[in-house]
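Below is one structure; the comments refer to it alone.
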Amino acid sequence: MTSFAILLSGRGSNMEALAEAVQSKKLSGRIAFVASDNPEAAGLRRAAELGLRTAVLPYAEGKKRGEEELRELCRLHGAEWIILAGFLSILSPEFVRSFRSRIVNIHPSLLPSFPGKHGIEDAWRRGVKITGVTVHLVDEGVDTGPILAQQAVEILPGETLESLEERIHRAEHSLYGKTLSLLFAGKGLTERC
Ligand code: GAR
């Protein structure tokens, strides 16, 4: 069974959706651990409540130490994949190269539009009519790796930022598990979700 680590920095709703997909066997895999660069992350507490192994990465001592610890945890707990779920630190090119094509990210826009930390708000402020969600492999850039799956979300007339955020998160929660399921089954870039 595929073993994966989840990295997060905040609320952890995508982590929770993945944990639920594993629990209900919609996603065949094992969560090796959940780790964060932020000791205060609500998602870390939630993961512990769900009975998952958790860890704080020592990013406070620098990126190098944070990544050394991450590498060690992956080795120790047998994580083959690293799944980013709102992880705000940028992984170094050296780390990405050593885990080439085994790090996946979810982003709340239709990449390559609106990369960065505020994908939902940037799309909403720009006034686009359609935005969405992207799941992609991580490369050395920021939000630039090969796209695995996308789901469009229409921005409705009079839509508030809050309601758009809610609908985007709902789309994320279903798309991430479905995409990882295909990926772990050995179906990569050519498959559509
Ligand atoms: C999600 O919307 C995710 O797509 C986004 O952070 C949020 C985390 O929410 N990631 C990025 O913007 C990456 N560039 P969550 O903590 O509730 O899962």
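When a ligand or atom number is given, it counts from 1 through the structure's own listing order. Values below: all heavy atoms of this structure, side chains included; hydrogens, waters and symmetry mates excluded.
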Self-check item: Closest to atom 11 (C) of ligand 1 among Ala41, Pro108, Gly86 (heavy-atom distance)
Solution: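 When every heavy atom of Ala41, Pro108, Gly86 is considered, Pro108 comes closest to atom 11 (C) of ligand 1.
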Which atoms of ligand 1 sit under 4.0 Å from any heavy atom of [X]?
X	value
Glu172	1 (C), 2 (O), 3 (C), 4 (O)
Gly116	12 (O), 14 (N)
Ile106	3 (C), 4 (O), 10 (N), 13 (C)
His169	2 (O)
Asp143	14 (N)

Does the residue [X] have a heavy-atom contact with ligand 1, meaning some pair of atoms that are separated by less than 4.0 Å?
X	value
Gly12	yes
Ser9	no
Gly119	no
Leu8	no

Quiz prompt | Euclidean distance, Glu67 CD relative to Ser89 OG, rounded to 0.5 Å | solution =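 That separation rounds to 8.5 Å.
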Side chain to side chain, [X] and [Y], heavy atoms closer than 4.5 Å:
X	Y	value
Glu121	Leu161	yes
Glu61	Glu68	no
His136	Leu111	yes
Val22	Arg30	no

Report the nearest protein non-hydrogen atom to [atom]: residue, atom name, distance rounded to 0.1 Å.
atom	answer
atom 9 (O) of ligand 1	Asn14 ND2, 4.0 Å
atom 13 (C) of ligand 1	His107 ND1, 3.7 Å
atom 17 (O) of ligand 1	Ser13 OG, 2.6 Å

Quiz prompt | Single-linkage hydrophobic cluster Ile31~Leu8, side-chain heavy atoms < 4.5 angstrom | solution =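 Same hydrophobic cluster.
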Self-check item: Over 12 non-hydrogen atoms of neighbours within 6.0 angstrom of CZ in Arg71
Solution: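 Enclosed: over 12 neighbouring heavy atoms sit under 6.0 Å from CZ of Arg71.
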Practice problem: Give a yes or no on whether Gln23 atom CD has more than 12 heavy-atom contacts from other residues, nucleotides or ligands under 6.0 Å away. | Solution: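 Check fails, neighbour count at 12 or below.
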Quiz prompt | Gln150 versus Thr134, side-chain donor and acceptor atoms under 3.5 Å | solution =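 There is such a pair (donor and acceptor under 3.5 Å, judged by atom type) between the side chains of Thr134 and Gln150.
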Quiz item: For Lys117, is at least one N or O under 3.5 Å away from an N or O on ligand 1?
Solution: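 No; the residue has no nitrogen or oxygen that sits under 3.5 Å from a nitrogen or oxygen of the ligand.
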